[in-house]
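Starting from 1, each residue takes its place in the sequence as its number. Small disclaimer: the values here were computed from a predicted structure and weren't measured. Hydrogens, waters and symmetry mates are skipped; everything else that's a heavy atom, side chains included, is used.
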Amino acid sequence: MNVTVATREILAIHGGTPVRKTLLPYGRQSIDESDIQAVVDTLRSDWLTTGPRIAEFEETFAAWVGAKYAVSFSSGTAALHAAAFAAGLKPGDEAITSPLTFAATANCVLYQGATPIFADVSPDTLNLDPERAAACVTPRTKVILPVDYAGHPADLENVSEIAERHGLTVIEDACHALGAEYRGGRVGSLSHMTVFSFHPVKHLTTGEGGMVTTDNARFAETLRRFRNHGISSEARQRQTAGQWQYDMVLLGFNYRLTDIGCALGLEQLKKLEPNLARRRKIAARYNAAFRGIRGVNPPSIRSDVNPAWHLYPIRLDFSGLSAGRGEVFSALRAENIGVNVHYIPVHRHSYYRDRFGYKGGEYPVAEAAYERLISLPMFHGMSDDDVDDVVKAVTKVVAAFGR
C-alpha cells in the first residue's frame, strides 16, 4: 500500500466510518494444529511437569541462541527474579536499569531486597544510555540490567565495558528481543545472563513462561535450583536413579515451567525464523509508509543491529499535530486499531513514588518519549490487509489532526 497524499476524512470518533469493522489487537499469539497436537501428546504422556520436554526445550533453545545453557521458568518475571538471585543481589546492593520498561525489570531487584537505580535512555533507541548508566555506578552496584526495548538490542558493547571495569554482572532483559542480532551475534549469547519471555504476544509462546540463557555453569546450576524450591535434584532425576532422597540447599521458589508449556514452546521454536521474517517485513512496510508523514516518527534502528520487533512504537511529533497523544490514541482505537502504550516509566508508578520519593522529571529523555509513544499492532499473524488498515488509520488520524 502506497500512502502519499492524505485527505481529511471524518474520523470514526467523530461519527465517521471506521477503517476496520473489528478490532485489530496490538499483539496476539499464533497457534496452529501442530502446536495443539504437541500439547495433546504431552497431556497423554506420563509427565505433565518436570519431565523430558523441559530438557529438550532448554537444549534446543540454547542451541538456537548460541548459549551453553538455558533454564526455563514459569514466566519472564520469574526468570528475571532468578537471574537477580543468581547474580547475588542482596539488601544493600544496587542494580542499574532503564526506567522505560515494564515494572518487572525493576521489581526483580526489589524481590532480592536490593535497590533499582534508574539511568535515563538514549534518545534514538530508548535503550539504557551507557554514559548515564556509568555515572550511576557506586561501590554498592552489583548488576547492570539493560533492556532491549521493543526488540532493538541495547548498546551491549558499552554496557559490557562498564560491567568489566567495575566487576558487575550483566542481566540483559531480552523479553522483547528473541531473534534479535547485535553485531552479528544473536541475543541470548552476548551477556552474562539473558532473560526471555514467552507471553502470548511474544515471538513464541508457552502460554506463560520464560528462559534464562548463560555460558556460566555456576549461574545455570543456581537458576535450576532456585526454580525448584532450592532443591538440588528434580523429581525425574530421582525416579531415573531409583532413589527418593533430596536436599534443599537454598531458599528457592516453585518457578518451574511445565512439560505442557515446553511442548508448545518446542513446536513454536520450529516456526521462529519465519515468524521473525514476517515481523521484519511488517516493520519495513510501516517504516516506508510513515517515513514521510508529518506528525509521526518511526522507530530508530542502529546500523549494527537487526531488531526482533516485538513492538512497533511510533513517536508523535506534536509540531505537526493539533491534538495530544490521548486524542490520537482514542481516535485510532475508534478506527478499530488496537494501539497501546509501552511504557509508563517505572518511577512514575505509585509504588515507586511512595517508596523512593520520585516526583517526575528525574529522567527527562524517557519521560518525554513516554508522552509521545504509541505502539501499533505488531505480530507475525497479521495479514497484508491488516498492515494496510493500520497504515490507513494512522494516515487518516494524523491528517485529521494535522496543523
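- Rounded to the nearest 0.5 angstrom, Leu272 CG and His380 NE2 are separated by 8.5 Å.
- Both cation-pi conditions hold for Arg186 and Trp64: the charged atom is under 6.0 angstrom from the six-membered ring centre and inside a 45 degree cone around its axis.
- A cation-pi arrangement is present between Arg325 and Tyr370, with the terminal nitrogen or guanidinium carbon under 6.0 Å from the aromatic centre and inside a 45° cone about the axis.
- By the 6.0 Å contact criterion, CD1 on Ile231 is enclosed, its count of non-hydrogen atoms from other residues, nucleotides or ligands being greater than 12.
- Atom CD1 in Ile260 sits 4.5 Å away from atom CG in Leu43 (nearest 0.5 Å).
- Residue Leu128 holds its CG atom at 8.0 Å from CD1 of Ile96, rounded to the nearest 0.5 Å.
- To the nearest 0.5 Å, atoms CD1 (Ile144) and CD1 (Ile162) are separated by 4.5 Å.
- Under the 4.5 Å side-chain criterion, counting only non-hydrogen atoms from C-beta, Phe196 is in contact with Val187.
- For the residue pair His342/Ser375, the side-chain donor-acceptor check at 3.5 Å is satisfied.
- Side chain of Glu362 to main chain of Gly360: a donor-acceptor pair is present (N/O by atom type, distance under 3.5 Å, no hydrogens or angles).
- Not one N or O on the side chain of Arg140 forms a donor-acceptor pair closer than 3.5 Å with the backbone of Asp93.
- Other residues, nucleotides and ligands contribute over 12 non-hydrogen atoms within 6.0 Å of the CZ atom of Phe318.
- With hydrogens and angles disregarded, a donor-acceptor distance shorter than 3.5 Å links the side chain of His199 to the backbone of Val201.
- In this structure, Asn127 contributes its side chain and Pro153 its backbone to a donor-acceptor pair below 3.5 Å.
- Side-chain atoms of Leu264 and Thr42, non-hydrogen and from C-beta on, never get closer than 4.5 Å to each other.
- Checking Asp32 against Ser34 by side-chain atom types alone, a donor-acceptor pair falls below 3.5 Å.
- Not one N or O on the side chain of Arg227 forms a donor-acceptor pair closer than 3.5 Å with the backbone of Arg256.
- Between Arg224 and Glu221 there is a salt bridge, with a side-chain nitrogen of the basic residue lying less than 4.0 Å from a carboxylate oxygen of the acidic one.
- The OG1 atom of Thr206 sits 9.0 Å away from atom CD of Gln268, with the distance rounded to the nearest 0.5 Å.
- In the model, Gln112 has a side-chain atom that pairs as donor or acceptor with a side-chain atom of His81 under 3.5 Å.
- Between Phe290 and Tyr312 the shortest side-chain heavy-atom distance falls below 4.5 Å.
- Taking all atoms of both residues into account, the shortest heavy-atom contact from Ala83 to Leu223 is N-CD2, 3.8 Å.
- Put simply, the side chain of Lys392 does not reach to within 4.5 Å of the side chain of Glu335, judged on heavy atoms.
- More than 12 heavy atoms of other shown residues, nucleotides or ligands fall within 6.0 angstrom of atom CD in Gln37.
- Inspection of the Glu58 and Ser72 side chains reveals an N or O donor paired with an N or O acceptor under 3.5 Å.
- Nearest heavy-atom pair across Ala87 and Phe219 is CA-CE2, 4.4 Å.
- A donor-acceptor pair is defined here as one N or O able to donate and one able to accept, closer than 3.5 Å; such a pair exists between the side chain of His152 and the backbone of Arg302.
- Summarising the local packing, CZ of Arg372 is surrounded by more than 12 heavy atoms from other residues, nucleotides or ligands at distances under 6.0 Å.
- Within 6.0 Å of NZ on Lys271 lie more than 12 heavy atoms contributed by other residues, nucleotides or ligands.
- Counting only heavy atoms from C-beta outward, the side chains of Phe73 and Val195 never approach each other to under 4.5 Å.
- For the pair Arg280 (side chain) and Pro307 (backbone), a donor-acceptor distance under 3.5 Å is present.
- Looking at heavy atoms from C-beta onward, Thr101 lies out of side-chain contact with Phe118 at the 4.5 angstrom threshold.
- Heavy-atom minimum distance, Tyr286 versus Pro377: OH-O, 2.8 Å.
- Side-chain contact, Thr214 with Asn216: no donor N or O sits under 3.5 Å from an acceptor N or O.
- Residue Ile10 places its CD1 atom among 12 or fewer non-hydrogen atoms of other residues, nucleotides or ligands, all under 6.0 Å distant.
- Annotation for Asn254: atom CG counts as buried by contact number, over 12 foreign heavy atoms lying within 6.0 Å.
- One finds a salt bridge joining Glu371 and Arg348 here, because a Lys/Arg side-chain nitrogen approaches an Asp/Glu carboxylate oxygen to under 4.0 Å.
- Inter-residue side-chain proximity for Phe379 and Asn275 is flagged as unmet; no heavy-atom pair is nearer than 4.5 Å.
- Between Thr213 and Ala67, the shortest heavy-atom distance links the atoms CB-CB, 3.8 Å.
- The heavy-atom pair separating Gly179 from Leu276 by the smallest distance is CA-CD1, 3.6 Å.
- You'll find the ring centres of Phe57 and Phe198 inside the 6.0 Å limit.
- Between the side chain of Thr97 and the main chain of Ala106, no donor-acceptor pair closer than 3.5 Å is present.
- Not one N or O on the side chain of Glu208 forms a donor-acceptor pair closer than 3.5 Å with the backbone of Gly261.
- Nearest heavy atoms, Val390 versus Leu376: CG1-CD1, 4.0 Å.
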### Message
Between Ile117 and Thr141, does the side-chain contact (heavy atoms from CB on, under 4.5 Å) criterion hold? Intermediate values first, please.
### Response
CA-CA 9 Å; Ile117 303 296; Thr141 308; over 6 Å; no

### Criterion side-chain contact (heavy atoms from CB on, under 4.5 Å) on Val65 and Leu178, from CA distance to verdict
CA-CA 8 Å; Val65 301; Leu178 178 57; 4.1 Å; yes

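- Using a 4.5 Å cut-off on side-chain heavy atoms (C-beta onward), Thr105 and Val346 make no contact.
- A donor-acceptor pair under 3.5 Å is absent between the side-chain atoms of Asp148 and the main chain of His176, judged by distance alone.
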### Task
Start with the C-alpha distance between Leu11 and Phe401, add both sets of side-chain angles, then the distance that settles side-chain contact (heavy atoms from CB on, under 4.5 Å), and finish with yes or no.
CA-CA 10 Å; Leu11 297 179; Phe401 288 132; 3.8 Å; yes

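- Counting heavy atoms of neighbouring residues, nucleotides and ligands inside a 6.0 Å radius, atom CZ of Arg165 exceeds 12 of them.
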### Message
side-chain contact (heavy atoms from CB on, under 4.5 Å) for Lys396 and Val19? Distances and angles first, verdict last.
### Response
CA-CA 9 Å; Lys396 176 182 176 182; Val19 166; 4.1 Å; yes

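- Atom CG of Leu269 and atom NE2 of His203 lie 13.0 Å apart (nearest 0.5 Å).
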